[in-house]
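What follows is a set of notes on a single structure, which appears directly below.
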Amino acid sequence: MQELIKQSFTLEWHHPFDALGTVYFTPVQPTPLANVHWVAKNLSLAQDLGWPEGEWDSELMLQVLAGNAVWPGSQPFATVYSGHQFGVWAGQLGDGRALSLGNIQTASGQQEFQLKGAGQTPYSRMGDGRAVLRSSIREFLCSEAMHGLGIPTTRALGLVGSPDRVLREEIETAAVVTRVAPSFLRFGHIQHFAANGDTVSLKKLVDHLIHQHFDHLIPTPPGALRYTAVLEEITRLTASLMAKWQAVGFCHGVMNTDNMSLLGLTIDYGPFQFLDGFDPAHICNHSDHQGRYAYARQPQIAYWNLFCLGQALLPLIEDQDMALAALETYKTLYPALADQAFAAKLGLPQVQTDDHTLIEQLLKVLAAEKTDFTIFWRRLSHAVALKDLANPAQTFAPVRDMFIDATQWDAWLPGYIQRLKDVDLSQAGIAMLTTNPKFVLRNHLGEQVIQQAKMGDFSGIDQLLQVLSSPFDEHPAFEHFAAFPPDWASSISISCSS
Ligand code: AMP
Ligand code: MG
């Protein structure tokens, strides 16, 4: 291995966490896996990061992304955090199976690299520190699907598998995903030091966050005002993320405070799901018996989580009213951003007063028969792209065909046609086709490539990666990925176990 390392290209590793001290992290070496092999490589992300071409073919790359070797200069570590899980304070958690390798300066700024599934850490509690192939494929593909949709997310650089056995409900095999993000800091990191009453460490952590990621807030006077600005900024980022999730029909499934990114990224892909039929009450996590994280509740839950963050920041903000005022931003911002996002889906670039009602009524039409969310919006986009409002029966026929009882749709459509008269119709359809994706990572698509991968065939992952990276393109060779889900899709059961 030393020979391999000597041959490697040079990466300059940065460890900004070092300056904080070991109260925030523990150095941990990854635990090797046997007989590792590639499952997937994200060549386009590698290129974006300025990774040298051809490096993928090196044995070293495989061994490093498996956690079997460590690059010179990289000092792996796991961080500590706490959090609320399913609304209940869970106390100390931490990176139980994620190891950070450090940061690298890339074309898109400093990026942190993490191996998920690389073995136990002091924060593993009862866990084995491993991730199974099934859930690692889901995380790998969904990170890139979200990125392709223009939704802030952690990325996935590579996926390595091993025949080493991992015990879940049944025996599965191990895998490691390499995740990349400007930071993996979570609400729970801040909650941890607040809960311990360690205001000195809390302050150091938030100052680190400001200097590394929110340097545009530095002109704000230091102290309470600046910390309030941090809370307001995270509130804004989170509101924006929620509007994007809702508009694309994404359910996260486990919106615990330790799974909420301080940078407003989608993080920790577990039992997530893109809606097939539109059901606001849909629960994608089999373990979520109360439906706490149901699709329609996500924006509210995000606010609840922000409230916890606000409480944790109180020792720095000092004034409860100032913290509440920062959080209050969410109550006007989220609805405005959600209206904007749904208006854009309708081809309306500017939101007008009555648009909220138009959107709300349409969502009721879709909920009545659980109409397929992705196909509905795509068909609507194609209809508008025809630019023929004079013959609505013909223009919108493929959309109307989606309803068994089209009464409600027929009642809604004239209002929409009227509203479209205010916009530049030559642009509306085009805009809709780059707003409403043709492809999302439906559960059954993930399930199919997982089954193939378990048999040693990883080609389906590459195909899905290609299509999901540009989900607004037509990809005629992959029409089947854009089809209605098969009947068995609704019986797929996904829990927190991963
Ligand atoms: P999650 O529900 O995946 O966000 O995980 C909650 C906490 O449990 C986090 O601190 C994880 O790092 C930890 N965890 C989850 N699965 C494992 C595992 N197999 N081994 C060790 N820690 C784990
Ligand atoms: Mg997590």
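Every number for a ligand or one of its atoms is a count from 1 in the order of the listing.
- Relative ring orientation between His216 and Phe214 is described as perpendicular, the plane-to-plane angle rising above 60° on a 0-90° scale split at 30° and 60°.
- Under the 3.5 Å distance criterion, with hydrogens and angles disregarded, a donor-acceptor pair is assigned to the side chains of Gln298 and Gln246.
- For ligand 1 and Gln85, the ligand atoms under 4.0 Å from any heavy atom of the residue are 6 (C).
- For ligand 1, the polar-atom distance check against Gly94 finds a nitrogen or oxygen pair separated by under 3.5 Å.
- Protein N/O/S atoms found under 2.8 Å from the Mg ion (ligand 2): Asn259 OD1, Asp268 OD2.
- Taking the six-membered ring where tryptophan is involved, the planes of Phe25 and Phe17 are perpendicular, since the angle between them exceeds 60° and thus also 30°.
- The pair Asp164-Arg130 does not count as a salt bridge, with every side-chain nitrogen at least 4.0 angstrom from each carboxylate oxygen.
- Note: Phe278 and Tyr295 have perpendicular aromatic rings, judged against thresholds of 30 and 60 degrees for the angle between ring planes.
- Between Phe113 and Trp13, the ring planes lie perpendicular to each other; the angle is over 60°, past the 30° to 60° tilted range.
- A donor-acceptor pair shorter than 3.5 Å cannot be found between the side chains of Tyr24 and Asp18.
- Within the 4.0 Å heavy-atom criterion, the part of Arg125 lying near ligand 1 is the side chain and not the backbone.
- When only modelled atom types and interatomic distance are considered, Tyr269 and Thr153 share a side-chain donor-acceptor pair under 3.5 Å.
- We find the CG-OG1 distance between Asp48 and Thr106 to be 9.0 Å, quoted to the nearest 0.5 Å.
- In the vicinity of Asp268, heavy-atom distances shorter than 4.0 Å reach the ligand 1 atoms 4 (O).
- By the 4.0 Å N-to-carboxylate-O rule, Glu144 lies close enough to Arg155 to be salt-bridged with it.
- In this structure, His444 and Pro486 approach most closely via the heavy-atom pair CD2-CD, 3.3 Å.
- For the atom pair CD of Glu328 and CG of Leu306, the computed distance is 12.0 Å after rounding to the nearest 0.5 Å.
- For atom 5 (O) of ligand 1, the nearest non-hydrogen atom of the protein is Asp258 OD2, 4.7 Å.
- At least one N/O-N/O distance between Asp128 and ligand 1 falls below 3.5 Å.
- For ligand 1, the polar-atom distance check against Tyr123 finds no nitrogen or oxygen pair separated by under 3.5 Å.
- Between the choices Gly96, Gly117, Ser82, the shortest heavy-atom distance to atom 12 (O) of ligand 1 belongs to Gly96.
- Here is the list of ligand 1 atoms found below 4.0 Å of a heavy atom in Gly129: 18 (C), 19 (N), 20 (N), 21 (C).
- Not a single N or O atom of Val254, backbone or side chain, sits closer than 3.5 Å to an N or O atom of ligand 1.
- In this structure, a donor-acceptor pair under 3.5 Å is present between the side chains of Ser497 and Glu169.
- For a threshold of 3.5 Å applied to N or O pairs, the pair formed by Asp95 and ligand 1 contains no separation below that value.
- Annotation: atom 14 (N) of ligand 1 to nearest protein heavy atom, Arg97 NE, 4.2 Å.
- Only the side chain of Arg168 comes within 4.0 Å of ligand 1, counting heavy atoms alone; its backbone N, CA, C and O stay farther away.
- Listed by atom number, the atoms of ligand 1 under 4.0 Å from Leu93 heavy atoms are 10 (O).
- Heavy-atom proximity to Asn259, at under 4.0 Å, picks out these atoms of ligand 1: 4 (O).
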